[in-house]
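Notes for the one structure printed next.
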Amino acid sequence: MRTGALLALTVLAVAALSAGGLAGPAFPDRPVEIIAPAGPGGGWDTLSRMTAKVLAEEKLVTQPITVTNMPGGSGAVAIAHVVTRRKGDAYTLVAFSPALTLTIVNRNTPYTYRDVTPLASLTTDYGVLVVRRDSTINNLRTLLEVLKRNPDAGVVAGGSAPGSMDHIIFAKAARAGGVDPLKVRYIPYQGGGEALAALLGGSASVLSTGASEVLAQVQAGTVRVLAIFSEQRLGGAFRNVPTAAEQGFNVTFPIWRGFYGPPEMPAAAVRFWEETLVRMTRTKGWEKVLADTQWFPFVLTGDRFRRFLEEDTKNFETLLRELGFVK
């Protein structure tokens, strides 16, 4: 939809929203689109589809919600799309996480969080390193010892661009084990689903990703998780997976996930989405999503969320310099 027509519709909808208040599901008044900036099967895709499902089931949004996969550049394609084509759009949400922060820090996009409208973080997940069940590598220490002797002994797959989130999960662990992460081959895929397929198909020997993205394979017994980068062990299917710290490496990697909107989203629409997403996290339906995915609540909105993003961005800038990805 062209920007002029979009702005006109938005003005009418926001006027209705302002008149009707925020007590009921009066807004939005036409279909909503959620953009997952990656291929099917990964964390952004799952967050987008689960959010659309719960918003509809809990009747928090009564208009149809579609999910569009828009892979490319670890969020770079999607943020460029909404900045250049969705200005003022009150009906579009985009999933994001530290993967987009790293895309910004690596300057793989000319845009930053100041060019869009951060709405809310909802969950957190944790980084993991995974091998196939038949791998001879049984733990993180062995993996790092092998790669320290010969960086060509392994190929790491991830669902994000080089220097972005999945790559940095591995790089952080590698650095802690005395391995130069820049000497180990990393293959980027268009999403977690493709990267997992590469591991299972033998194109890669190690998968660097989020825990929830391999939950089904852990339950099916097709993969082995070498370490989880959380402060303490997770429960459920990951209860027997040791943390990196338990194996002698002081490495954690939380993966928050949430949504942003296009630039110049009307203030009333911002308020609606912030309140509605928070309301969603208090429903039984969302509780089931957290249980099924083994995500944890991490709910932030408004100024607190924007301050968090600024601090998170600075922390990743420091980390990339320490890892040698940025000079």
Hey, are the side chains of [X] and [Y] touching, using non-hydrogen atoms and a 4.5 Å cut-off?
| X | Y | value |
| --- | --- | --- |
| R279 | R282 | no |
| L200 | V223 | yes |
| F296 | L234 | yes |
| P297 | L290 | yes |
| S121 | V299 | no |
| M265 | L119 | yes |
| R233 | F238 | no |
| V128 | T209 | yes |

Between V155 and Y186, is a side-chain contact (heavy atoms from CB on, under 4.5 Å) present by the stated rule, with each step listed? CA-CA 6 Å; V155 175; Y186 172 81; over 6 Å; no
Quick one: do D152 and R185 make a salt bridge, cutoff under 4.0 Å? no
Electrostatic pair E213-R257, nearest N-O below 4.0 angstrom: yes
Nearest 0.5 Å, please: how far is [atom2] in [Y] from [atom1] in [X]?
| X | Y | atom1 | atom2 | value |
| --- | --- | --- | --- | --- |
| I79 | L100 | CD1 | CG | 5.0 Å |
| D180 | K148 | CG | NZ | 12.0 Å |
| L129 | S208 | CG | OG | 5.0 Å |
| E57 | M280 | CD | CE | 11.5 Å |
| L122 | S97 | CG | OG | 12.0 Å |
| L102 | E317 | CG | CD | 10.0 Å |

Partner of F298 under ring-ring contact (aromatic ring centres under 6.0 Å, His included), picked from Y126, F308, F305, W256, is F308
Run the ring pair (Phe, Tyr, Trp, His ring centres under 6.0 Å) test against Y260 and tell me which residues pass, sequence neighbours left out. F96
Between [X] and [Y], which heavy-atom pair has the shortest distance, and what is it?
| X | Y | result |
| --- | --- | --- |
| G159 | A195 | N-CB, 3.8 Å |
| P37 | V94 | CG-CG1, 3.8 Å |
| V131 | I137 | CG2-O, 3.7 Å |
| L144 | A174 | CD2-CA, 3.8 Å |
| A120 | L277 | CB-CD1, 4.2 Å |
| P98 | D312 | CG-OD2, 4.5 Å |

Between I255 and M165, is the side-chain contact (heavy atoms from CB on, under 4.5 Å) condition met? List the steps. CA-CA 9 Å; I255 304 170; M165 190 174 72; 3.6 Å; yes
Enclosure of N150 CG (heavy-atom neighbours >12, cutoff 6.0 Å): yes
Kindly say whether [Y] contributes a backbone atom to a donor-acceptor pair with the side chain of [X] at under 3.5 angstrom?
| X | Y | answer |
| --- | --- | --- |
| S135 | R132 | no |
| T117 | P262 | yes |
| S74 | A161 | yes |
| R306 | Y113 | no |
| E246 | T243 | yes |
| R133 | R224 | no |
| E194 | Y189 | no |
| D115 | Y111 | no |

Applying side-chain hydrogen bond (donor to acceptor under 3.5 Å, both in side chains) to T318 and N315, what does each step give before you reach the verdict? CA-CA 5 Å; T318 301; N315 290 339; 5.6 Å; no
May I ask you to decide if the ring planes of W295 and W286 are parallel, tilted or perpendicular, using 30° and 60° as cut-offs? tilted
Looking only at side chains, do [X] and [Y] share a donor and an acceptor under 3.5 Å apart?
| X | Y | result |
| --- | --- | --- |
| T68 | E33 | yes |
| R49 | N69 | yes |
| D45 | S48 | no |
| N108 | T103 | no |

Test L320 against V105 for side-chain contact (heavy atoms from CB on, under 4.5 Å), laying out the working first. CA-CA 9 Å; L320 288 187; V105 171; 3.5 Å; yes
Taking the six-membered ring for Trp and the single ring otherwise, decide whether the centroids of F27 and Y91 are under 6.0 Å apart. yes
Using the side-chain hydrogen bond (donor to acceptor under 3.5 Å, both in side chains) rule, take D89 and T92 through it: C-alpha gap first, then chi angles, then the decisive distance, then the call. CA-CA 6 Å; D89 186 346; T92 297; 2.7 Å; yes
